[in-house]
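One structure below.
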Protein chains: 2
Amino acid sequence: MYRDKTCGELRLSDAGKHVTLSGWVQRTRKLGGMTFVALRDRYGITQVVFNQEKDGALFDAANALGREYVVQMTGIVAERESKNSNMPTGEIEIIADGIKVLNKSEVPPFTIEDDTDGGDDLRMKFRYLDLRRNCVKKNLELRHRMAFEIRRYLDSKGFLEIETPILVKSTPEGARDFVVPSRMNPGEFYALPQSPQLFKQLLMVSGYDRYFQIAKCFRDEDLRADRQPEFTQIDCEMSFVEQEDVIEMFEGLVKHIFKYVKNIDFTEPFQRMTWNDAMRLYGSDKPDLRFGMQFVELTDLVKGKGFSVMDNAELTVGICAPGCADYTRKQLDQLTDFVKRPQTGAKGLVWVKIEPDGSIKSTVGKFFSEDELKDWAKRMNANPGDLLLIMSGDKMKVRKQLCDLRLEMGERLGLRDKNVFAPLWVIDFPLFEWDEETQRYYAMHHPFTSPNPEDIPLLDSDTGNVRATAYDIVVNGTELGGGSIRIHDSKLQDKMFELLGFTPERAHEQFGFLMNAFKYGAPPHGGLALGFDRFVSILAGLDTIRDVIAFPKNNSGRDVMNESPSPIDDSQLEELNLTVTLPKEK
Amino acid sequence: MYRDKTCGELRLSDAGKHVTLSGWVQRTRKLGGMTFVALRDRYGITQVVFNQEKDGALFDAANALGREYVVQMTGIVAERESKNSNMPTGEIEIIADGIKVLNKSEVPPFTIEDDTDGGDDLRMKFRYLDLRRNCVKKNLELRHRMAFEIRRYLDSKGFLEIETPILVKSTPEGARDFVVPSRMNPGEFYALPQSPQLFKQLLMVSGYDRYFQIAKCFRDEDLRADRQPEFTQIDCEMSFVEQEDVIEMFEGLVKHIFKYVKNIDFTEPFQRMTWNDAMRLYGSDKPDLRFGMQFVELTDLVKGKGFSVMDNAELTVGICAPGCADYTRKQLDQLTDFVKRPQTGAKGLVWVKIEPDGSIKSTVGKFFSEDELKDWAKRMNANPGDLLLIMSGDKMKVRKQLCDLRLEMGERLGLRDKNVFAPLWVIDFPLFEWDEETQRYYAMHHPFTSPNPEDIPLLDSDTGNVRATAYDIVVNGTELGGGSIRIHDSKLQDKMFELLGFTPERAHEQFGFLMNAFKYGAPPHGGLALGFDRFVSILAGLDTIRDVIAFPKNNSGRDVMNESPSPIDDSQLEELNLTVTLPKEK
């Protein structure tokens with residue numbers, strides 16, 4: 001028996017009990033003839049006291065303990081003289097009568113504290129020590145609680161969790177697959193699933209009308225800041241449903257989790273916004289609605305005044321930053337530099353200050369009269385003291401650029417509070433995206449997304465404007481998840497493949513089993529997937545999903561703790577009929 | 001709105017309601033001017049009635065329906081004239097007033113019935129139709145319920161479910177890894193985890209003292225009858241525990257699930273048996289305790305009587321088959337043939353009949369006197385009417401052979417009832433297994449298993465007899481799971497690697513990160529993993545785990561439904577710096 005109590009549970013009411021604790025030495029403090037050991041386990045920290053006068057040998061043993069030693073300590077629970085109200089066990093301490101060192105520890109390479117001295121790289125290399133820190137532990141505890149509660153909720157709604165395979169068929173459409181060579185089938189490969197999409201649609205064909213799975217998914221993409229090669233998704237599908245049914249079900253889930261974790265009640269339905277409005281008003285399909293600063297289009301007002309930048313632009317559009325007319329030249333230059341960064345890529349920024357006295361100052365004063373600029377301000381609902389920030393260019397590009405600027409202004413004005421949550425549904429996505437480079441349409445979601453029934457007649461005549469029955473759920477400028485109603489009619493599916501440039505042969509090769517399945521009575525169905533890592537990180541108030549993953553990989557897809565990926569034995573390669581041919585160094 | 005009720009929920013109390021159902025046409029029956037459609041969804045079957053006189057067009061529409069059409073039907077709930085007590089909805093039917101065909105179906109390649117006409121291969125190819133059958137569906141429902149209840153139970157005991165990576169480091173020790181080439185790290189590979197073993201031990205170092213995960217695991221093994229390349233395991237680990245703590249915790253879980261699923265109360269602790277006893281009495285480390293027929297060793301009685309088979313054998317051992325003295329020559333020949341099969345590989349079988357009158361008949365009557373044979377019978381506690389089945393040979397081999405025969409006799413005598421469950425713990429496994437071929441020791445469980453503390457002094461002197469602190473849980477002759485107390489002392493771990501023939505360099509290369517982690521305060525820890533597929537299949541009364549997996553693979557590791565694995569594009573291979581070199585046809 002290593003312990004009969006944890007380091008988090010003793011209270012004043014336990015005073016007088018003889019207890020055995022086990023844990024790690026958080027720190028030791030020697031004050032004259034007394035030594036205080038802070039003993040830590042998963043549940044908390046308890047102070048254990050050693051008195052030189054009472055037992056010199058035991059006192060010496062306590063003083064010989066190093067940080068992170070694993071020890072068993074026994075003693076009597078006693079009321080503390082100086083209580084610590086910051087910790088749940090702060091009213092008591094243990095008057096020690098025994099120590100047993102269970103394992104020693106080398107001095108850890110960084111301090112095991114919330115406010116550690118360890119840098120990111122070091123903490124990742126020693127992730128097993130990083131995971132000891134309370135601030136990391138509480139993220140994993142939250143993750144556990146959320147996963148459990150999501151399962152409980154969906155179970156209560158009649159959903160079945162069904163495991164789909166990890167070794168699946170490679171389908172080059174979409175992102176890049178990770179592949180797994182098959183030793184038993186020489187020259188052939190499995191892929192790791194980018195999502196359980198095809199399997200969940202098959203389960204609908206099979207009649208499992210409410211399916212979910214908290215599922216690992218894999219994408220071999222060049223990793224941007226907040227991507228991981230493997231990630232976890234709450235994957236769901238329902239049969240005999242329309243868009244409204246799916247939205248209602250999962251809005252219920254999201255609300256439930258917000259209530260459960262944050263005690264936040266969303267009593268009203270989440271806002272819904274068409275993709276067109278989201279792009280027009282926020283320049284993004286995942287607008288951050290924690291603050292306003294909606295886009296206002298000025299194109300008609302600005303053309304023909306001799307300012308070639310605006311004359312030649314497809315779109316001129318601006319935001320009104322409230323109370324920012326007092327921005328200094330330096331601040332305004334910073335904003336201009338911000339939009340000129342390669343990530344944003346704008347050529348410049350026009351600003352117009354509405355001074356408190358109503359007068360106007362602007363970078364474009366020589367092209368536009370004060371009255372004209374006042375017309376801009378009026379359209380933008382600007383008040384004295386506000387700052388207009390205006391950009392011009394190609395429609396889609398300038399929206400993206402102004403979106404970046406809007407978010408930056410929200411940040412600067414402190415409008416992006418992590419304790420405020422602004423969820424919404426973005427609906428009516430376009431079904432197709434045109435790709436200039438390859439001169440073809442791509443599915444904006446995936447090839448199984450159903451067109452809006454009203455738009456089916458437009459499939460050939462006005463392909464680019466066909467709306468999908470697709471929906472994303474967005475929180476604070478982040479896509480939490482999305483889904484669609486699927487095509488369940490095999491003729492319509494054939495038509496989609498045709499529009500996406502699949503030959504019938506290639507469509508059959510890639511998706512033949514799904515198309516075959518659809519011949520045997522596919523029900524109307526649709527679903528959605530929520531990014532679970534993302535969901536946890538939003539509720540934990542974190543910027544990166546890495547912090548809610550126990551053993552994440554870095555931006556090169558490496559686990560720096562165990563040095564994987566790594567070369568494998570030649571015998572392994574040989575069994576797999578593979579040869580590695582490394583690219584020549586350049 | 002596709003439906004307002006399911007096909008499983010309507011009862012007599014709903015009579016008079018107007019309802020909308022959606023589902024699949026299970027069958028249609030035309031009786032004169034009436035047509036009865038059995039409409040099926042996940043929740044059941046409801047009868048819908050069409051009356052020619054009432055609505056001829058609707059009647060015709062109903063008669064045009066084919067099997068497995070997806071339809072929406074509306075009508076009034078009415079009491080049936082001839083009730084069907086075999087189905088929960090059997091007291092009512094729907095008097096139809098509308099049909100909408102949601103999707104047609106080709107005639108399915110086999111009947112969607114529990115007792116289907118489809119063979120195994122056909123059902124696997126059309127797994128999405130096979131999954132519609134009620135008998136398959138209830139296995140997946142059971143799987144869902146068990147997973148949920150296991151999570152609930154472990155959560156209530158303070159366990160945290162923590163996801164560990166699927167893209168891990170390849171470690172050639174153990175079974176063969178599936179590997180995943182890394183595009184971003186040319187020439188390097190991830191492996192898919194054979195289990196989360198190393199990660200869960202790291203989590204213990206991190207202080208997460210009660211971890212679990214229902215985790216996918218992968219082994220690239222030649223697949224025997226009931227193996228899958230990917231399988232699911234209930235993976236657990238605890239800190240500050242001894243063997244007794246782990247056994248108690250998971251015996252509690254197993255008992256809870258038996259109660260929950262089968263309403264079986266195991267009020268007594270599960271039996272425990274040492275590995276030595278299991279091998280001696282049942283010839284197996286996973287004895288089926290639903291019946292007796294323990295092995296009885298006769299070596300000392302049979303030697304020196306001139307029967308060279310027994311004279312030269314290391315071990316002569318037998319079982320007593322109760323009431324089988326009346327076996328015919330043909331039956332006895334069958335048993336001899338059975339043990340001579342290549343899978344069992346015995347050279348022969350000695351039998352001794354104890355006739356009802358007490359007289360003896362035997363194949364070895366010319367070597368042994370009736371009194372000598374009676375001494376055998378006495379030692380084996382045989383009664384008149386019993387049959388002794390006796391085998392001789394090399395100790396480990398003959399035990400394995402007699403084990404096969406014992407199970408066969410249990411089968412023949414109807415003693416292996418699927419509704420009887422006989423769980424036990426097998427303990428005190430040997431730490432090492434000697435491999436004749438490579439002339440070295442292997443870890444019987446894995447290299448992190450702790451020796452029994454009492455046996456540590458024997459590590460060098462009597463390596464083969466060192467007991468592990470390892471334990472398996474066995475039900476009805478099947479290993480449900482197993483685990484061990486792990487080594488937490490890095491010096492002892494070094495010693496283990498040395499005994500297992502690892503150079504320090506190789507040990508460091510393979511397990512360096514774990515050995516490093518152990519330098520920073522590893523707590524005493526141990527755990528266990530239960531085969532989840534196996535657990536479900538035992539409780540479902542099934543012989544194969546394949547039946548509890550939604551999309552299983554066949555014995556060649558193929559998914560015959562989606563034809564994976566499959567060749568991949570050359571461009572994919574190129575990006576991965578790989579060339580496939582197929583073996584020449586022989």
Side-chain angles (χ1 to χ4, degrees), chain A residues 2-3 22 24 42 68 70 103 105-106 108 128 131-132 140 144 148 155 160-162 165-167 169-170 178 180 182-190 202 205-207 209 216 220 230 240 513 517 519-523 550-551 556-557 561-562 564-568 577-582, chain B residues 2-3 22 24 42 68 70 103 105-106 108 128 131-132 144 148 155 160-162 165-167 169-170 178-180 182-190 202 205-207 209 216 220 230 240 513 517 519-523 550-551 556-557 561-562 564-568 577-582:
Chain A
Y2 283 103
R3 59 180 176 190
S22 287
W24 286 261
R42 182 182 134 199
E68 301 304 316
V70 186
N103 221 339
S105 172
E106 292 185 9
Y128 43 85
L131 288 170
R132 286 185 187 169
L140 295 190
H144 163 76
F148 187 77
D155 178 73
L160 292 178
E161 184 162 25
I162 299 176
I166 298 289
L167 297 172
K169 187 183 172 75
S170 183
F178 282 105
V180 181
S182 167
R183 183 181 52 86
M184 291 216 279
N185 301 274
E188 300 192 326
F189 293 76
Y190 303 99
L202 289 176
V205 173
S206 301
D209 58 3
K216 271 283 171 76
D220 183 14
E230 55 180 298
F240 303 116
F513 63 101
K519 293 179 189 157
Y520 294 100
F551 299 100
S556 313
M561 178 187 69
N562 66 16
S564 75
S566 57
I568 57 174
N577 305 295
L578 290 179
T579 314
V580 172
T581 317
L582 289 185
Chain B
Y2 283 103
R3 60 180 175 187
S22 286
W24 287 260
R42 180 182 135 199
E68 301 304 316
V70 186
N103 221 340
S105 172
E106 292 186 8
Y128 43 85
L131 288 170
R132 285 185 187 169
H144 163 76
F148 187 77
D155 177 72
L160 292 178
E161 184 161 27
I162 300 177
I166 298 290
L167 297 172
K169 187 184 173 74
S170 182
F178 282 106
V179 296
V180 181
S182 167
R183 184 181 53 85
M184 292 216 278
N185 301 275
E188 300 192 324
F189 293 76
Y190 303 99
L202 288 176
V205 173
S206 300
D209 58 2
K216 272 282 171 77
D220 183 13
E230 55 180 298
F240 302 116
F513 62 102
K519 292 179 191 158
Y520 295 100
F551 299 100
S556 315
M561 178 187 70
N562 65 16
S564 75
S566 57
I568 58 174
N577 306 294
L578 290 179
T579 314
V580 172
T581 316
L582 288 186

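Every heavy atom of this structure was used, including side-chain atoms; hydrogens, water molecules and symmetry mates were not. Here the structure is a predicted model, which is why all the values come from computation and not from measurement. Residue numbers begin at 1 in each chain, while the letters A, B, ... track the order of the sequences.
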Interatomic spacing from [atom1] in [X] to [atom2] in [Y] - rounded to 0.5 Å:
| X | Y | atom1 | atom2 | answer |
| --- | --- | --- | --- | --- |
| A/Tyr128 | B/Ser206 | OH | OG | 9.0 Å |
| A/Thr579 | B/Asn577 | OG1 | CG | 12.0 Å |
| A/Leu140 | B/Leu160 | CG | CG | 8.0 Å |
| A/Ser182 | B/Asp220 | OG | CG | 7.0 Å |

Provide the closest heavy-atom pair for [X] versus [Y] in the form atom of the first, atom of the second, distance.
| X | Y | answer |
| --- | --- | --- |
| A/Glu161 | B/His144 | N-ND1, 2.9 Å |
| A/Trp24 | B/Gly521 | NE1-O, 2.9 Å |
| B/Phe240 | A/Arg3 | CD1-NH1, 3.4 Å |
| A/Asp209 | B/Arg42 | OD1-NH1, 3.1 Å |
| B/Ala522 | A/Asn103 | O-ND2, 2.8 Å |

Check each atom of [X] against the heavy atoms of chain B and say whether the ones under 4.5 Å are side chain, backbone, both or neither.
| X | result |
| --- | --- |
| A/Met561 | both |
| A/Leu202 | both |
| A/Asn185 | side chain |

TODO: Compare all side-chain heavy atoms of A/Val580 with those of B/Phe189 and state whether any distance is below 4.5 angstrom.
DONE: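 A/Val580 reaches B/Phe189 side chain to side chain.
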Open item on the list: Out of B/Ala550, B/Pro523, B/Pro186, return the one with the most heavy atom pairs under 4.5 angstrom to chain A.
Closed with: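 The option with the most such pairs is B/Pro523.
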- [ ] Check for a donor-acceptor pair, side chain of A/Arg183 on one end and backbone N or O of B/Phe178 on the other, with a separation under 3.5 Å.
- [x]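 No, A/Arg183 side chain to B/Phe178 backbone: no donor-acceptor pair under 3.5 Å.
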Task: Side-chain donor or acceptor of A/Asn562 paired with backbone N/O of B/Phe513 under 3.5 Å - done: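 Here the side-chain-to-backbone pair does not exist.
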Open item on the list: Would you call the rings of A/Phe148 and B/Phe148 parallel, tilted or perpendicular, taking 30° and 60° as the class edges?
Closed with: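 Plane angle under 30°, so parallel.
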Task: salt bridge (Lys or Arg N to Asp or Glu O under 4.0 Å) against B/Lys216, all qualifying residues, sequence neighbours excluded - done: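 B/Glu230.
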- [ ] Could you tell me which of A/Val70, A/Asp155, A/Thr581 has the largest number of non-hydrogen atom pairs under 4.5 Å with chain B?
- [x]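 Looking at each of A/Val70, A/Asp155, A/Thr581 in turn, A/Asp155 comes out on top.
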- [ ] Tell me, please, which residues at least two apart from A/Pro567 pass side chain to side chain contact (heavy atoms under 4.5 Å, CB included).
- [x]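 With neighbours one apart ignored, the set is B/Glu188.
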